[in-house]
Number of protein chains: 2
Amino acid sequence: MSHKLQHEIKKKRPFDSQQEEALLNLLRTNELFQNQFIRLFRKYGLTASQYNVLRILRGEGKPLPSLEIADRMIHVVPAITGLIDRLEKARFVKRRRCEEDRRVVYVEITDEAISVLKQIDRPVKQLREKLLGHLTRSELRELIRLLEKARTPLLADPEF
Amino acid sequence: MSHKLQHEIKKKRPFDSQQEEALLNLLRTNELFQNQFIRLFRKYGLTASQYNVLRILRGEGKPLPSLEIADRMIHVVPAITGLIDRLEKARFVKRRRCEEDRRVVYVEITDEAISVLKQIDRPVKQLREKLLGHLTRSELRELIRLLEKARTPLLADPEF
DNA sequence: TATCAATACTTGTCATGTCAAGTATTTTTC
DNA sequence: GAAAAATACTTGACATGACAAGTATTGATA
């Protein structure tokens with residue numbers, strides 16, 4: 001079976017341009033990969049977003065304000081409030097009002113969450129290996145370079 | 001300003017592996033790009049999913065069963081039902097029961113939708129140029145190749 | 001120092017995705 | 001030819017994103 005995107009999505013005509021083909025390949029690859037991770041996280045009662053929040057909190061090693069979490073995810077602030085709500089209900093994080101600035105809410109990861117993350121670490125690493133293990137080091141390096149280059153104008157230009 | 005992902009998301013430590021770095025770059029690039037398209041489509045009263053459905057219907061040139069549309073999108077069937085509901089409410093598509101097999105519902109694009117798509121065609125092309133215009137032809141070719149290669153095991157192995 | 005702007009969230013509404021169940025309509029099978 | 005299985009959706013419950021608007025608190029300014 002061919003893995004060409006044109007066949008994959010039953011596109012009748014060839015792509016209008018290389019740019020369209022690249023964008024659709026990016027979209028499709030991301031979706032397929034994300035689905036794999038979503039299934040993995042689900043086994044542990046987590047969604048991808050929840051996993052990301054917990055990873056950020058664990059990586060930081062100390063409680064973080066909601067805004068800080070929102071900054072590091074792609075997401076808008078309101079989405080974070082809901083995410084934290086559900087994580088708190090599941091006892092994966094706790095909220096704590098900051099005393100110096102009472103507008104700020106600190107989010108703290110619980111030991112329970114740390115323990116779940118620890119269980120997930122190996123499977124995540126294995127999944128990454130499964131998804132990208134067949135690319136050589138230099139191919140990975142080139143892929144990273146091209147993706148970074150692709151983002152450059154978006155990051156440089158605040159207009160965007 | 002550096003466009004390195006590590007700085008972008010304020011990651012304290014370097015990546016565990018090249019594979020992780022590649023996956024996060026894929027995720028981030030896709031999100032940034034998708035956001036651009038979402039904003040564009042919104043100007044015309046469409047979401048990205050709705051735009052995709054309409055593109056599929058226009059590309060096909062004739063009505064398609066819901067299942068067929070679901071197949072070509074990544075999505076599960078229930079999501080399509082809701083999508084079609086809203087597109088129908090917005091008068092962008094019509095539903096028609098198949099006479100031979102009354103379980104099947106054909107979805108047909110309206111002239112109104114065709115006209116909106118026509119308006120969007122040029123801005124979409126311009127956005128693609130804006131996002132990827134700074135990559136050379138050979139860089140685009142290489143990016144496409146690497147993304148296709150990345151997906152290969154997922155497509156070949158039904159286990160996945 | 002009184003007010004106005006900025007900051008950090010929270011809430012509400014809507015679109016989309018997921019899964020589990022349910023309905024209607026063939027198709028298969030015994 | 002009737003019951004069972006398959007097919008094509010639809011519906012309902014819930015998580016997640018997006019945007020707009022609201023609240024509480026703090027900072028800046030006149």
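Chain letters run A, B, ... following the sequence lines, proteins first and then strands; every chain starts at 1. Just so you know, these numbers come straight off a predicted model, no measurement behind them.
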Per nearest nucleotide of DNA chain D, the residue lying toward the 5' end, A:K89 or A:R103, is A:K89
To the nearest Å, give me how far apart CG (A:L87) and P (D:dC14) are. 18 Å
Check whether any side-chain heavy atom of A:L54 sits under 4.5 Å from a side-chain heavy atom of A:V116, and report yes or no. no
Looking for any heavy atom pair under 4.0 Å, which part of the strands does B:P65 touch: base, sugar-phosphate only, or nothing? sugar-phosphate
Looking at A:K62, A:R96, A:R91, which hits salt bridge (Lys or Arg N to Asp or Glu O under 4.0 Å) with A:E108? A:R96
Can you tell me the distance, in whole Å, between the CG atom of A:L83 and the P atom of D:dA15? 11 Å
With sequence neighbours excluded, what pairs up with A:E142 under the salt bridge (Lys or Arg N to Asp or Glu O under 4.0 Å) test? A:R145
Separation of atom CG in B:N35 from atom P in D:dG17, rounded to whole Å: 12 Å
Using chain A heavy atoms and a threshold of under 4.0 Å, write down where along DNA chain C the contacts begin and end, 5' to 3'. C:dA6 to C:dC19
Does CZ in A:R97 sit with more than 12 non-hydrogen atoms of other residues, nucleotides or ligands closer than 6.0 Å? yes
5' precedence on DNA chain C between B:R102 and A:V104 (nearest-nucleotide basis): A:V104
Give one of base, sugar-phosphate or nothing for B:V76, where a contact means two heavy atoms less than 4.0 Å apart. sugar-phosphate
Under a 4.5 Å cut-off applied to non-hydrogen side-chain atoms, are B:V124 and B:F41 in contact? yes
Within residues 41-49 of chain A, those residues having any heavy atom closer than 4.0 Å to DNA chain C are A:R42
Quickly work out the A:I80 CD1 to D:dA15 P distance and round it to whole Å. 16 Å
Kindly give the cluster partners of A:I144, where membership spreads through any ILVMFWY side chain lying under 4.5 Å from a current member. none
Which ILVMFWY residues can you reach from B:L67 by hopping between side chains whose heavy atoms are under 4.5 Å apart? B:V77
Donor-acceptor under 3.5 Å (A:N25 side chain, A:E21 main chain): yes
With a 4.5 Å cut-off on side-chain heavy atoms, are B:D85 and B:R95 touching? yes
4.5 Å side-chain heavy-atom contact, B:L117 and B:Y44: no
d(CE, A:M73; C1', D:dG17) in whole Å: 11 Å
Salt bridge or not for B:R151 and A:E31, using N-O below 4.0 Å? no
With a 4.0 Å heavy-atom cut-off, tell me which residues in residues 90-101 of chain A come close to DNA chain D, sorted by residue number. A:E100, A:D101
Among D:dT25, D:dA15, D:dT11, the one nearest B:T81 by side-chain distance: D:dT11
